[in-house]
Amino acid sequence: MLSKAEVVARYLPETLQVKPSAEAFAPSNIALCKYWGKRDNALNLPVNSSLSISLGHLGTHTRLALSDSGEDKVLLNGKEQALDSPFAAKAIAFWDLFRRDQILPIEINTTNNIPTAAGLASSASGFAALTKAINEFANLNLPIDVLSAFARMGSGSACRSLFDGFVEWEMGQLEDGMDSHGIALEASWPDLRVGLVKVETGEKAVDSRSGMKRTVETAHLYQSWPMQAAMDIQKLRQAIADKDIDALGMTAEHNAMSMHATMIASWPPLLYWQPASVAVMQNVWGLREQGVSVYLTMDAGPNIKLLFEADQEAAIKAVFNDMEVVAPFAS
Ligand code: DP6
């Protein structure tokens with residue numbers, strides 16, 4: 001098995017020539033067909049292809065500069081982070097793949113504009129923005145497919161955040177994973193909306209990385225997952241081509257529920273839902289019974305994302321009044 005460092009090194013010049021500073025932005029993304037399970041834990045190579053929608057201007061802005069102090073420095077939303085904090089350690093470990101043994105102390109300044117109230121994870125947009133910023137900072141001029149594959153090595157779902165709109169992450173087949181990256185779909189859907197419904201939780205969840213590992217290792221139900229994901233990708237492609245919100249929403253909701261079923265069937269069981277998550281689901285299903293076209297999806301956490309079209313927004317907001325609404329294709 002190859003290591004990340006070995007794979008990245010093939011694309012680097014012998015000596016990095018860095019600029020004084022560089023910056024980049026990457027959007028957050030929500031999977032409509034989820035990535036759940038790895039065939040290679042070191043390179044984050046997935047068992048199945050996945051498909052997402054990027055959240056436009058919501059995401060991560062990252063600025064890199066050579067550190068004046070000669071020491072690495074990491075800031076998150078304006079606050080300096082301890083270098084041994086999980087966030088700083090991951091970001092620095094990623095930069096280490098590029099600087100190798102060169103003395104290049106860095107200041108990584110990351111700002112997320114994802115509303116904290118939305119309870120959205122930001123590792124996808126974070127690694128995508130960091131990868132883009134490194135490409136600029138170190139004058140690498142690498143093609144976007146390569147950058148997407150690099151971002152994947154930081155966090156799988158980050159490979160989809162290199163692109164706007166609908167993005168398919170092809171699982172690929174190569175041992176080095178360089179064919180496992182995002183591809184933007186040629187599609188626009190101006191009326192599409194994503195609603196972010198935050199569910200309060202005091203519980204600390206199991207992160208996606210350990211959650212998917214546990215599922216792959218212990219859930220017999222997981223065996224049916226790759227087949228379901230492959231079918232769902234086909235259906236989503238068609239729904240996107242037809243701009244059919246019911247087909248898109250139904251497929252995304254069914255896919256998310258199937259992923260959660262594999263989590264629940266793990267040992268020890270993984271249940272990311274809170275009682276309030278279930279209450280939101282029931283409200284969504286209640287709205288559908290009243291003829292409102294609204295569907296839900298959930299990741300490895302208690303929060304719910306809704307999928308609908310602009311003309312349904314008022315009816316949905318009447319039930320979820322503090323929902324944050326994103327228009328992924330707004331110009
Ligand atoms: C449920 O990309 O966070 O959100 O590759 O281990 O960093 P790592 O996992 P991550 O997993 C995301 C899982 C998901 C589904 C998805 O976004 O496709």
Side-chain angles (χ1 to χ4, degrees), residues 1-8 10 28-52 86 89-91 93-94 97 121-128 130-131 145-163 167-183 205-233 236 255-272 297-301:
M1 263 196 211
L2 292 157
S3 70
K4 293 180 205 181
E6 284 169 312
V7 176
V8 172
R10 293 187 197 154
S28 189
N29 77 75
I30 306 280
L32 306 176
C33 174
K34 308 292 185 186
Y35 147 52
W36 197 248
K38 303 181 198 206
R39 62 178 197 275
D40 179 329
N41 288 307
L43 300 178
N44 292 333
L45 295 176
V47 166
N48 61 284
S49 297
S50 56
L51 195 152
S52 63
K90 279 191 211 160
F94 196 71
L97 297 173
S122 50
S123 73
S125 53
F127 276 107
L130 181 57
T131 307
D145 290 2
V146 173
L147 297 179
S148 171
F150 283 0
R152 186 230 325 123
M153 294 187 230
S155 180
S157 51
C159 76
R160 301 184 307 238
S161 277
L162 266 291
F163 308 89
V167 182
E168 199 172 317
W169 170 11
E170 304 263 12
M171 59 182 285
Q173 302 178 341
L174 298 175
E175 199 203 351
D176 70 1
M178 291 313 290
D179 59 347
S180 184
H181 55 72
I183 293 170
V206 177
D207 66 21
S208 308
R209 192 155 297 186
S210 2
M212 63 177 87
K213 193 159 182 284
R214 189 189 299 179
T215 308
V216 172
E217 287 169 359
T218 66
H220 299 301
L221 210 56
Y222 183 75
Q223 286 176 17
S224 63
W225 168 253
M227 204 173 65
Q228 159 123 31
M231 275 172 1
D232 288 345
I233 294 238
L236 287 168
N255 182 273
M257 288 303 195
S258 303
M259 174 184 72
H260 280 273
T262 70
M263 297 166 168
I264 296 166
S266 303
W267 195 262
L270 264 174
L271 182 68
Y272 286 101
T297 182
M298 288 178 80
D299 293 313

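In this structure, the side chain of S266 does not engage the main chain of A219 through any donor-acceptor pair within 3.5 Å. Panel note: side chain T215, backbone G211; a donor-acceptor pair is recorded below 3.5 Å. For R160 (side chain) and L51 (main-chain N/O), no donor-acceptor pair under 3.5 Å exists by modelled atom type. Remark: the backbone N or O of M298 is paired with a side-chain donor or acceptor of H260 at under 3.5 angstrom. Under a 3.5 Å cut-off, the side chain of T262 and the backbone N or O of Y222 do not form any donor-acceptor pair.
The CD1 atom of I183 sits 9.5 Å away from atom SG of C159, with the distance rounded to the nearest 0.5 Å. Rounded to the nearest 0.5 angstrom, S180 OG and Y35 OH are separated by 9.0 Å. Between the CG atom of L45 and the CE atom of M153 there is a distance of 8.0 Å, given to the nearest 0.5 Å. Distance CG/N44 to OG/S157: 9.0 Å, rounded to 0.5 Å.
Nearest heavy atom pair, residue R152 against residue L43, reads NH1-O, 2.7 Å. Of all heavy-atom pairs spanning A229 and C33, the tightest one is O-SG, 3.6 Å. The minimum heavy-atom distance linking Q223 with P226 is given by the pair O-CD, 3.5 Å.
With hydrogens and angles left out, the side-chain atoms of N48 and W36 include no donor and acceptor closer than 3.5 Å. Counted by atom type alone, S258 and N255 present zero donor-acceptor pairs between their side chains at under 3.5 Å.
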Q: Quick one: do W169 and S52 satisfy side-chain hydrogen bond (donor to acceptor under 3.5 Å, both in side chains)? Show the steps, please.
A: CA-CA 8 Å; W169 170 11; S52 63; over 6 Å; no
Q: Check step by step if salt bridge (Lys or Arg N to Asp or Glu O under 4.0 Å) holds for K34 and D232.
A: CA-CA 10 Å; K34 308 292 185 186; D232 288 345; over 6 Å; no
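Comment: R10 does not engage E6 in a salt bridge, judged by the lack of any side-chain N to carboxylate O separation of less than 4.0 angstrom.
Heavy atoms from other residues, nucleotides or ligands lying under 6.0 Å from NZ of K213 number 12 at most.
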